[in-house]
Amino acid sequence: MTPPVTVRVRFCPSPTGSPHVGFARTALYNWAFARHHGGTLVFRIEDTDKERSTEESYEAMVGAMRWLGLDWDEGPEVGGPHGPYRQSERGDIYRDVLAKLAASSYTYDCFCTTDEVAARRLEAGSKTMGYDGFCRELSDAQRAVFEAEGRKPVVRFRMPEGSITWDDLVRGDITFETEHVPDFALCRANGDPLYTLVNPVDDALMDITHVLRGEDLLSSTPRQIPLHQALVDLGISTVVPRFGHLPFVMGEGNKKLSKRDPQAHLFAYRDDGFLPEGLLNYLALLGWAIAADRDVFTMDEMVEAFDIADVNPNPARFDLKKAEAINSAHMRMLSIEDMTDRVLPFLKHAGVVSDPVGDADAQLLEQAMPLVAERINKLTEAVDMLRFLFVDEADFAVDPTDAEKLLDDDGKRVVQAAYDALADLPEWSTAAIQEALQAKLVEEMGLKPRNAFGPVRVAVTGRRVSPPLFESMELLGRERSLGRLQRALA
RNA sequence: GCCCCGUUCGUCUAGCGGCCCAGGACGCUGGCCUCUCACGCCGGAAGCACGGGUUCGAAUCCCGUACGGGGUACCA
């Protein structure tokens, strides 16, 4: 199933709150679909809900897309021929479309209050919820009565008779009987347009060909298709887009990942040291597979292989462990230079190096990164791994728990022996250090390697977990290394 | 209540009628490697929700049931 070459998709979050992982997954699939087909990705901001939309959230949405590296062809900051791309700036457009719709009686004014509708339903014992069409065929006289009462109408779409069927890109044929789809409101009584109007209208006006969105919007599709058809009929647009409804990303338990869930926040992963490409790769796996026996891939590879028809319709649970494992695979794909660049902000933030970083520290970092690159799974892990190299001697501290475990009396004897072996070492190199310690601690004292080097490691790096010991000591230098050994004996 | 969607190892998935007494990954687990950690390598346990059909043959198609999810707003 090859879509036309003129693929145009959109990603249109509402700027309410902080972007979450579902946001990223939907953005990713739209992006991959657009790129795969050489199409256009429109980034639109759905901020018609003035109560909940915030500028801060808008900035976060744009920032999230930038961090993820998902670029868009039309939208905020890049413009485009169908702007503006924030719905709060498109009021005139919606008013105009609403007027055209009303003139062709696709819509009607409805004066009912929510309470009245509910009361009628109760009385009739009706099984269907939603609006009952009371104002569909209002006479001028009835209308006049309502207006005399000072009522302001909402505008409702007149749902056609029959059924609505579409071939969902993810799920295949889906049919709704329109008797189960009540006439819905397109704008508030005060004239403010609602999502129900604005979303399909913008898709139509922006020539969107494929709508890929969350499963939660599936039941709004039977309302949107007739509206699109009305817009085509009125010459406002030319085609009804195709729809594809993506499965949810679920959290713990079996609930859709909600914004209140701490695990849901996208920036939490950024701050935790995830690589955007690692997170994206993991998110892609939640509903799509590149091959039967493979799950680590680059975004280029995803673009090449992505087919919306392969997307799995059932909801997927977010698994942090696997996300970390995938991220770790991407960490190992990074060059040392690249990883260094990405680790640097975390080192600065933790105060391990100054900002901007000094020449000496930069050089030390360059030498140290190869030692840690293979043993960290997230960028943040470099901080604890490297701190001992950069810290001032006065501020150097040994982890109390590790000290208690390894720097007991036996441990101190080992450290003393290590000091003796190294004090007069003619050449301070990894090989020489290793040779000297090996000879003294292992061969002479008969210690097992892990028991020999453990106490030394804690004394020198401050932790039981560190980069390789001998290399670390070389980088630290003779004076600081010996100083720390001595300090551990105190 | 009504409408819609979904259901393969604990989790994410491959599978689109015979290649499957179901493959991969994460996790778990036994071992190897090893100066810690991490990486890497070898092995193991673990799954087609249930019941009917259709068919020579079903994880794959159809129908029910159960369970899960979504919608049912002058939110998006």
Side-chain angles (χ1 to χ4, degrees), chain A residues 12-14 16 46-49 51-53 110 112-114 117 125-131 152-156 168 170-171 174-177 179-182 184-196 198-199 213-222 245 247-248 250 254-256 282 285-296 310 312-326 328-329 331-332 372-377 381 385 402 406 434 437-438 441-442 448-454 456-458 461 463-472:
Chain A
C12 48
S14 293
T16 57
E46 306 226 325
D47 54 354
T48 49
D49 187 339
E51 303 295 311
R52 299 197 298 149
S53 302
C110 166
C112 302
T113 66
T114 317
V117 177
S126 168
K127 280 188 291 234
T128 42
M129 309 290 273
Y131 190 62
K152 295 280 187 213
V154 300
V155 176
R156 287 187 188 277
D168 195 274
V170 175
R171 289 152 207 274
I174 296 176
T175 299
F176 282 79
E177 299 301 325
E179 62 181 297
H180 296 123
V181 186
F184 54 96
L186 296 170
C187 73
R188 291 194 165 98
N190 67 9
D192 286 348
L194 293 167
Y195 163 84
T196 49
V198 144
N199 177 276
R213 56 179 11 171
E215 184 184 345
D216 49 333
L217 272 341
L218 191 146
S219 49
S220 74
T221 306
H245 293 89
F248 285 131
M250 318 290 271
N254 219 1
K255 324 173 289 258
K256 180 184 171 195
Y282 174 67
L285 256 18
L286 264 24
W288 182 74
I290 195 166
D293 57 355
R294 189 171 165 220
D295 56 15
V296 174
D310 292 338
N312 197 320
N314 50 299
R317 204 169 306 199
F318 187 94
D319 179 31
L320 184 60
K321 286 277 181 41
K322 178 138 186 181
E324 289 177 334
I326 298 292
S328 144
M331 288 286 285
R332 272 167 258 129
V372 304
E374 209 187 48
R375 37 180 48 81
I376 59 175
N377 294 320
E381 289 168 7
M385 204 67 106
D402 291 351
L406 288 178
Q434 175 164 14
L437 290 180
Q438 183 81 24
L441 306 179
V442 179
K448 284 185 178 169
R450 80 180 289 126
N451 296 331
F453 304 127
V456 180
R457 178 188 310 284
V458 173
T461 71
R463 302 172 70 227
R464 276 190 296 169
V465 175
S466 82
L469 181 60
F470 316 122
E471 286 85 345
S472 295

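The basis for the numbers below is simple: all heavy atoms, side chains too, and nothing from hydrogens, waters or symmetry mates. So you know, we letter chains A, B, ... as the sequences are listed, proteins then strands, and number each from 1.
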Sort me out a list of protein N/O and nucleotides 43-47 of chain B N/O pairs below 3.5 Å, or just none if empty.
none

Extract from the structure each pairing of a protein N or O with an N or O of nucleotides 4-9 of chain B at less than 3.5 Å, listing the distance.
| residue | atom | partner | partner atom | Å |
| --- | --- | --- | --- | --- |
| B:C5 | O2' | A:R171 | NH1 | 2.2 |

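Under the Watson-Crick or G-U wobble criterion, with both distances below 3.5 Å, B:C32 is paired with B:G40. The base-pairing partner of B:A59, taking Watson-Crick or G-U wobble contacts with both distances under 3.5 Å, does not exist among the strands shown. Checking B:A49 for Watson-Crick or G-U wobble geometry (two distances, each under 3.5 Å) identifies B:U65 as its partner. Nucleotide B:G10 forms a Watson-Crick or G-U wobble pair with B:C26, both donor-acceptor distances falling under 3.5 Å. Under the Watson-Crick or G-U wobble criterion, with both distances below 3.5 Å, B:C2 is paired with B:G71.
Nucleotides B:G18 and B:C4 place their P atoms 31 Å apart, quoted to the nearest Å. Rounded to a whole angstrom, the distance from the C1' atom of B:U13 to that of B:A22 is 13 Å. Comparing the C1' positions of B:C39 and B:C20 gives an interatomic distance of 34 Å, to the nearest angstrom. Taking atom C1' in both B:C5 and B:G44, the straight-line distance is 38 Å, to the nearest Å. Here, B:G47 and B:C33 have their P atoms 32 Å apart, quoted to the whole Å. Going from the C1' atom of B:G64 to that of B:A14 covers 28 Å, rounded to whole Å. Here the separation of B:C62 from B:C16, taken at their P atoms, is 16 Å to the nearest Å. Of the C1' atoms belonging to B:A25 and B:G71, the separation is 34 Å, rounded to the nearest Å.
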Assess the residue pair A:R457 and A:L469 against the criterion (side chain to side chain contact (heavy atoms under 4.5 Å, CB included)); give the C-alpha distance rounded to whole Å, side-chain angles, the decisive distance to 0.1 Å, and a yes or no. CA-CA 6 Å; A:R457 178 188 310 284; A:L469 181 60; 4.1 Å; yes
Determine, step by step, whether A:I326 and A:V296 satisfy the side chain to side chain contact (heavy atoms under 4.5 Å, CB included) criterion, reporting the C-alpha distance in whole Å, the side-chain angles of both residues, the deciding distance to 0.1 Å, and the verdict. CA-CA 7 Å; A:I326 298 292; A:V296 174; 4.1 Å; yes
For the pair A:Y195 and A:L217, evaluate side chain to side chain contact (heavy atoms under 4.5 Å, CB included) and give the outcome as yes or no after the intermediate values. CA-CA 11 Å; A:Y195 163 84; A:L217 272 341; 3.5 Å; yes
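Between A:S220 and the phosphate of B:A76, there is no side-chain N or O to OP1/OP2 separation shorter than 4.0 Å. Not one side-chain nitrogen or oxygen of A:R213 sits closer than 4.0 Å to the OP1 or OP2 atom of B:A76.
Closest approach of A:R156 and A:A185 over heavy atoms only: NH1-N, 3.8 Å. Across all their heavy atoms, A:L186 and A:T196 have their closest contact at CA-OG1, 3.6 Å. Residues A:V458 and A:R464 share a closest heavy-atom pair of CG2-CG, 3.7 Å. Annotation for A:P193 and A:V198: closest pair CB-CG2, 3.6 Å, computed over non-hydrogen atoms.
Under the 3.5 Å distance criterion, with hydrogens and angles disregarded, a donor-acceptor pair is assigned to the side chains of A:R213 and A:T221.
Within 4.0 Å (heavy atoms only), A:L217 reaches at least one base atom of the nucleic acid. Residue contacts shown for A:C12 are absent, as no nucleic acid heavy atom lies under 4.0 Å away.
At least one donor-acceptor pair under 3.5 Å links the side chain of A:S14 to the backbone N or O of A:E46. Between the side chain of A:S466 and the main chain of A:R463, no donor-acceptor pair closer than 3.5 Å is present.
If you measure from atom CE of A:M385 to atom P of B:A38, you get 9 Å, rounded to the nearest angstrom. As rounded to whole Å, 18 Å separates atom P of B:G70 from atom CG of A:D168. Atoms CG (A:L320) and C1' (B:G10) sit 16 Å apart, rounded to a whole Å. One interatomic measurement links the two molecules: CG of A:D216 to C1' of B:U72, which rounds to 14 Å at whole-angstrom precision.
When the nucleotides B:C12, B:C39, B:A76 are ranked by their closest atom to the side chain of A:R317, B:C12 comes out on top.
In this structure, A:I376 and A:D310 both approach RNA chain B, and ranking their closest nucleotides by distance from the 5' end singles out A:D310.
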Spell out protein contact along nucleotides 20-36 of chain B as letters: B when the base is contacted, S when just the sugar-phosphate is, - when no protein heavy atom is under 4.0 Å; keep the 5' to 3' order. ---BSBSS-------BB
